[in-house]
J.: 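One structure is given below, represented as structure tokens, and several questions about it will come after.
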Number of protein chains: 2
Amino acid sequence: MIEIKNIGEYLKVNKIMPSVQRVKIFEYLYTKRNHPTVESIHKELIDEIPTLSKTTVYNTLKQFVEKGIIQIINIEDNETRYDADTSTHGHFKCIKCGIVYDFLFDNSDIKINGLDNFDIHQTHLYIKGICKNCKN
Amino acid sequence: MIEIKNIGEYLKVNKIMPSVQRVKIFEYLYTKRNHPTVESIHKELIDEIPTLSKTTVYNTLKQFVEKGIIQIINIEDNETRYDADTSTHGHFKCIKCGIVYDFLFDNSDIKINGLDNFDIHQTHLYIKGICKNCKN
DNA sequence: TGTTACTTTGCAATCATTACAAAGATGAAA
DNA sequence: TTTCATCTTTGTAATGATTGCAAAGTAACA
Ligand SMILES: [Mn+2]
Ligand SMILES: [Mn+2]
Ligand SMILES: [Zn+2]
Ligand SMILES: [Zn+2]
């Protein structure tokens, strides 16, 4: 994942005006790296920014996705998660504790059968199971 | 994907009472293989079964998932799709026409880095891009 | 200060999904 | 055939996530 020294600058470079709310939301995604939902981002930041609207969280995340600085992670159908790491990597969700872990894999290892002449834009790989800490 | 001659029998074997609605819903998933949403299943069957409730579609699909005869496909965050093919295979969604294609891949090719001592239950791979027919 | 453009907020609307209780169907026992 | 128990479906209301939109707020600048 890329190194970012100044989040305000990073947003500007990506054509996003760095308002207080946007900087805090990106900072949360970037530093925690815990694949949060809208709900958990809002819950976490409401203390620092008591006026923060949930609509703003939605608006901001949508803009970040459009500008390509975060990605959406769909594992469960009832929770959309977000990730400031847009590099190709996989996700493991533990069905016991609910934590979403990152893992690495080599895209070029996967031999795809049946998509000749298809243009591939994004590859998503996720796994469900039991994490090391939840076994016994 | 497995061969099924009699859907009613197949449901019974899997401890599901084969009501008219359940047989029709499974038949739709099994024969069309188009990864439909609840909405499209309901829309398609309402002519044949004019009293069919959307609740019944939800109930039935949830039961099928619990019994393991269908699987959920999460590609977009706003549409849950269902698949009667529960074997390990990948999905390609065309961002132009919206069609979800199946493709094959070999699970054992993927070398995963960072999940030592994790128990893997399910592996999901999906790709987004432009399908052959939409490239002109 | 006044103007403009952009951002955030709050609330209402929409859409997907679930909960629940009433009504309907099935099938075996009497 | 009637009765009874059980399972299934239906309709509606409730919930929860997400979006639309207009009003209020902010920042830069002439
Ligand atoms: Mn990640
Ligand atoms: Mn499939
Ligand atoms: Zn765990
Ligand atoms: Zn297409």
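Lettering follows sequence order; numbering is per chain, from 1.
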J.: Rounded to the nearest angstrom, tell me the gap between atom CD1 in B:Ile25 and atom C1' in D:dT10.
T.: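 B:Ile25 atom CD1 is separated from D:dT10 atom C1' by 13 Å.
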J.: For nucleotides 25-29 of chain C, print each protein N/O atom paired with a nucleotide N/O atom at under 3.5 Å, atom names and distance only.
T.:
none

J.: Taking the minimum atom-to-atom distance to the side chain of B:Met17, which one of C:dC6, D:dT8, C:dT8 wins?
T.: D:dT8
J.: Would you mind reading off the distance between B:Lys15 atom NZ and D:dC7 atom P, rounded to a whole angstrom?
T.: 14 Å
J.: Rounding to an integer number of Å, can you tell me how far B:Phe64 CZ sits from D:dT8 C1'?
T.: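 Going from CZ in B:Phe64 over to C1' in D:dT8 covers 13 Å.
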J.: What is the separation between atom CD1 on B:Ile41 and atom C1' on C:dT17, rounded to the nearest whole Å?
T.: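 It is 14 Å, rounded to the nearest whole Å.
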J.: Roughly how many Å is it from CD in B:Glu66 to C1' in C:dT18, rounded to a whole number?
T.: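 Rounded to whole Å, this separation is 13 Å.
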J.: For A:Lys12 and D:dA28, give me the distance from atom NZ to atom C1', rounded to whole Å.
T.: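 After rounding, the gap between these two atoms is 13 Å.
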J.: Between B:Tyr126 and A:His124, is the ring centre distance below 6.0 Å?
T.: yes
J.: Going through the checks in order, is the side-chain contact (heavy atoms from CB on, under 4.5 Å) test met by A:Ile112 and A:Ile120?
T.: CA-CA 11 Å; A:Ile112 289 163; A:Ile120 290 177; 4.2 Å; yes
J.: Once you round it to whole Å, what is the distance between P of C:dT9 and CG of A:Leu45?
T.: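 The distance from CG of A:Leu45 to P of C:dT9 comes to 11 Å, rounded to the nearest Å.
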J.: Mind checking whether A:Thr37 and A:Thr80 have side chains closer than 4.5 Å, heavy atoms only?
T.: no
J.: Are A:Asp119 and B:Lys135 close enough for a salt bridge, meaning some N to O gap below 4.0 Å?
T.: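 Yes.
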J.: Could you tell me how far apart B:Leu52 (CG) and C:dG24 (C1') are, to the nearest whole angstrom?
T.: 15 Å
J.: Answer yes or no: does a side-chain N or O of B:Gln63 lie under 4.0 Å from OP1 or OP2 of D:dT8?
T.: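 For B:Gln63, the contact criterion (side-chain N or O under 4.0 Å from OP1 or OP2 of D:dT8) is not met.
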J.: Test A:His35 against every option in A:His91, A:Lys93, A:Arg81 by the side-chain hydrogen bond (donor to acceptor under 3.5 Å, both in side chains) rule and name the one that passes.
T.: A:His91
J.: Can you give one letter per nucleotide of nucleotides 13-21 of chain D, 5' to 3': B if a protein heavy atom sits under 4.0 Å from the base, S if only from the sugar-phosphate, - if neither?
T.: ----SBBB-
J.: Distance under 6.0 Å and angle within 45° of the ring axis: does B:Arg33 meet both against B:Tyr30?
T.: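 Verdict for B:Tyr30: a cation-pi partner in B:Arg33.
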J.: Where is the tightest heavy-atom contact between A:Cys131 and A:Tyr101, given as atom of each residue plus distance?
T.: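 Of all heavy-atom pairs spanning A:Cys131 and A:Tyr101, the closest is SG-OH, 3.2 Å.
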J.: Return the minimal non-hydrogen interatomic distance between A:Thr56 and A:Ile25, and the atom names on each side.
T.: O-CD1, 4.5 Å
J.: Are A:Phe118 and B:Phe103 an aromatic pair by the rule of ring centers under 6.0 Å?
T.: no
J.: Between B:Thr51 and D:dT10, does any side-chain N or O lie under 4.0 Å from OP1 or OP2?
T.: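 B:Thr51 to D:dT10 OP1/OP2: side-chain N or O found under 4.0 Å.
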